Student: 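Pasting in a structure now, in structure tokens, and then I'll have a few things to ask.
Here the structure is a predicted model, which means the values were calculated and not measured.
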Amino acid sequence: MTNPANAVNAVKSARRCFRWISLAVAGAAVASLAASALPASAAERRPAPSAGIGTLHERHPVDEVEMAKAMAPGAVADGTMVRVTGPSVRFRKAAGAVSQDPAASFRIGSMTKMFTSTVVLQLVAEGRLPLDTPIREILPDTIPADWAPITVGRLLSHTSGLRGPCEPLEDNTGLTPERIVHAWTSCAAKPEFPVTGQQYNGANY
């Protein structure tokens with residue numbers, strides 16, 4: 001007569017064996033799928049996109065006619081320079097009263113904020129300039145006393161409380177660093193404190 005305990009153990013052993021076989025089969029299936037999805041070697045390049053997919057520039061090439069219209073000198077700017085590069089497009093052109101050399105330097109306006117903030121945050125990461133440093137400690141002879149609460153971090157995040165300039169700067173003529181600084185630091189109105197939200201302001205940068 002079969003021992004009931006031995007029978008139970010045999011059933012448990014069979015179940016464990018079945019589970020391991022199932023896991024092995026599943027693992028082999030996953031490995032097979034992964035192998036079929038990966039290139040034959042690490043050095044093998046991915047296949048080219050299928051027809052109709054392409055890159056961004058292939059799907060949306062530069063419309064040179066519309067670009068020329070947008071670059072035409074007008075009330076906004078006397079001249080423009082445009083360079084577009086990508087996997088399948090090379091567009092360089094200048095128009096108006098600017099250098100016709102595509103490699104020439106030109107003003108990029110508020111796009112400089114990205115570069116300024118990147119450099120400042122690099123200094124912060126290096127431990128050379130804490131974000132809570134009052135800007136008056138950095139420029140004591142330039143920053144008014146009532147700007148004392150403004151820190152480097154508040155400038156970067158547009159939470160300085162600075163208002164608009166008290167001198168007109170829209171003419172874009174004779175703009176110098178000294179004139180731009182004076183347009184804000186000579187204002188009778190003090191910065192707004194406490195700051196309750198972000199306010200985009202070129203003065204911060």
Student: Are Pro149 and Pro134 close enough that some pair of their side-chain heavy atoms sits under 4.5 Å apart?
Tutor: no
Student: Is there a chain of hydrophobic side chains (I, L, V, M, F, W, Y, each step under 4.5 Å between heavy atoms) that links Tyr205 to Leu129?
Tutor: yes
Student: Please enumerate all residues that pass ring-ring contact (aromatic ring centres under 6.0 Å, His included) together with Phe91, with sequence neighbours excluded.
Tutor: none
Student: Contact between Tyr200 and Ser110 at the side-chain level, heavy atoms closer than 4.5 Å - yes or no?
Tutor: yes
Student: Where is the tightest heavy-atom contact between Ser160 and Leu155, given as atom of each residue plus distance?
Tutor: CB-CD2, 3.9 Å
Student: For residues Val120 and Thr118, determine if any side-chain heavy atom of one lies less than 4.5 Å from a side-chain heavy atom of the other.
Tutor: no
Student: Take Val84 and Val82 through the test side chain to side chain contact (heavy atoms under 4.5 Å, CB included) and record every step on the way to the result.
Tutor: CA-CA 7 Å; Val84 181; Val82 175; 3.9 Å; yes
Student: If every non-hydrogen atom of Ala94 is compared with every non-hydrogen atom of Met81, which pair is closest and at what distance?
Tutor: CB-CG, 4.0 Å
Student: Look only at the side chain of Glu192 and the backbone of Arg163, and say whether a donor-acceptor pair between them is shorter than 3.5 Å.
Tutor: no
Student: Quick check for you: to the nearest 0.5 Å, what is the distance between Thr185 atom OG1 and Leu139 atom CG?
Tutor: 11.0 Å
Student: A side-chain contact here means heavy atoms from C-beta on lying under 4.5 Å apart; do Trp147 and Pro191 qualify?
Tutor: yes
Student: Look only at the side chain of Arg136 and the backbone of Ile143, and say whether a donor-acceptor pair between them is shorter than 3.5 Å.
Tutor: yes
Student: Rounded to the nearest 0.5 Å, what separates atom CZ in Arg154 from atom CG in Asp132?
Tutor: 11.0 Å
Student: Test Ile135 against every option in Thr142, Ile150, Thr151 by the side chain to side chain contact (heavy atoms under 4.5 Å, CB included) rule and name the one that passes.
Tutor: Ile150
Student: Would you say Asp146 has more than 12 foreign heavy atoms packed within less than 6.0 Å of its CG?
Tutor: yes
Student: How many angstroms lie between atom OG1 of Thr176 and atom NE2 of His182, to the nearest 0.5 angstrom?
Tutor: 10.5 Å
Student: Just verifying a value: how many Å separate Thr80 OG1 and Met67 CE, rounded to the nearest 0.5 Å?
Tutor: 9.0 Å
Student: Does one hydrophobic cluster hold both Leu123 and Leu121, with members joined at side-chain heavy-atom distances below 4.5 Å?
Tutor: yes
Student: Closer than 3.5 angstrom, by distance alone: can the side chain of Arg83 be matched with the main-chain N or O of Lys93 as a donor-acceptor pair?
Tutor: no
Student: Are there more than 12 heavy atoms of other residues, nucleotides or ligands under 6.0 Å from atom CZ of Phe193?
Tutor: yes
Student: Compute whether any side-chain donor of one residue and acceptor of the other, for Thr116 and Lys113, lie under 3.5 angstrom apart.
Tutor: no
Student: Find the distance between OG (Ser117) and CG (Leu156) and round it off to the nearest 0.5 Å.
Tutor: 6.5 Å
Student: Kindly say whether Leu162 contributes a backbone atom to a donor-acceptor pair with the side chain of Asn201 at under 3.5 angstrom?
Tutor: yes
Student: I need the minimum non-hydrogen distance between Cys187 and Gly164, along with the two atoms involved.
Tutor: SG-O, 4.1 Å
